[in-house]
Amino acid sequence: GENVEQHPSTLSVQEGDSAVIKCTYSDSASNYFPWYKQELGKGPQLIIDIRSNVGEKKDQRIAVTLNKTAKHFSLHITETQPEDSAVYFCAASEADSWGKLQFGAGTQVVVTP
Amino acid sequence: GAVVSQHPSRVICKSGTSVKIECRSLDFQATTMFWYRQFPKQSLMLMATSNEGSKATYEQGVEKDKFLINHASLTLSTLTVTSAHPEDSSFYICSARGSGVSGANVLTFGAGSRLTVL
């Protein structure tokens, strides 16, 4: 089955700096890669996603890149703000079971003013 | 659009009792719902996949007789934790997959249910 690895486990950045979180996956059949933000005691919120036919996607301060050959994808947050502090999870899903997600271990991001 | 309501948000029960958690899709039809469990400071682990009108498919290591899943309609799936024990205390989260108003695929998570077993 799919195995998703995520690094780093914690990330501390100064407000205004960029944050980068990296994930690798094992199953070449996976073709959907969402990123979620989870605040304490809440459910995960989708912040951006990318499909395997696209190499990069951007939404304001957030971008995701995908390298299918190397089986890795990354989340980039620019101009970080204190409200970006949360746990971020990457995930992967296969085409024939879309929505059945294998999650990475998560990254605790702390943005200090 | 594509809202999933999960209830209750928090529940405390005594050891040995059963607890039911509901997951509802409010504005779309969820042909499939997924149930995850999340222990403190850990990731979400898939427990089972439920398709409307059929039996749930459980992930390896998840006891189907302990975690009963019912998906009787296109808008409701329930997870019942039977004979709960303290080690079942966790954050249970559902997600629903279906078609939105525009016909596009949607995948939305509920807000989660915190179960504490005393």
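Chain letters run A, B, ... following the sequence lines, proteins first, then strands; residues in each count from 1. Since the model is a prediction, treat every value here as computed from it, not as a measurement.
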Please classify the contact of B/Leu107 with chain A as side chain, backbone, both or neither, using a heavy-atom distance under 4.5 Å. both
Interchain contact, B/Leu46 with chain A, by part (heavy-atom threshold 4.5 Å): side chain
Shortest non-hydrogen contact from A/Cys90 toward A/Phe73: CB-CE1, 3.6 Å
Using a 4.5 Å side-chain heavy-atom cut-off and chaining through intermediate ILVMFWY residues, the residues clustered with B/Leu76 come out as none
Spacing of CZ belonging to B/Phe109 relative to SG belonging to B/Cys23, to within rounding of 0.5 Å: 10.0 Å
Distance check, rounded to the nearest 0.5 Å: B/Lys14 atom NZ versus B/His85 atom NE2? 15.0 Å
side-chain contact (heavy atoms from CB on, under 4.5 Å), that's the test. Do B/Leu68 and B/Leu79 meet it? Break it down for me. CA-CA 6 Å; B/Leu68 301 179; B/Leu79 167 68; over 6 Å; no
Enumerate, including both backbone and side-chain atoms, all donor-acceptor pairs under 3.5 Å from chain B to chain A.
| residue | atom | partner | partner atom | Å |
| --- | --- | --- | --- | --- |
| B/Tyr36 | OH | A/Leu101 | N | 3.1 |
| B/Gln38 | OE1 | A/Gln38 | NE2 | 2.9 |
| B/Gln38 | NE2 | A/Gln38 | OE1 | 2.9 |
| B/Ser43 | OG | A/Gly104 | O | 2.5 |
| B/Arg97 | NE | A/Trp98 | O | 3.4 |
| B/Arg97 | NH1 | A/Trp98 | O | 2.3 |
| B/Ala111 | O | A/Gly43 | N | 3.1 |

Apply side chain to side chain contact (heavy atoms under 4.5 Å, CB included) to B/Lys20 and list each qualifying residue two or more places apart in sequence or on a separate chain. B/Thr78, B/Thr80
Residues at least two apart in sequence or cross-chain that pass side-chain hydrogen bond (donor to acceptor under 3.5 Å, both in side chains) with B/Lys66, listed by chain then number, are B/Asp88
Apply side-chain contact (heavy atoms from CB on, under 4.5 Å) to the pair A/Ile21 and A/Val109, showing each step before the final yes or no. CA-CA 9 Å; A/Ile21 304 170; A/Val109 173; 4.0 Å; yes
Out of B/Gly112, B/Cys94, B/Ala111, B/Ala96, which one racks up the most heavy-atom pairs below 4.5 Å with chain A? B/Ala111
Heavy-atom proximity to chain B below 4.5 Å, by part of A/Leu101: both
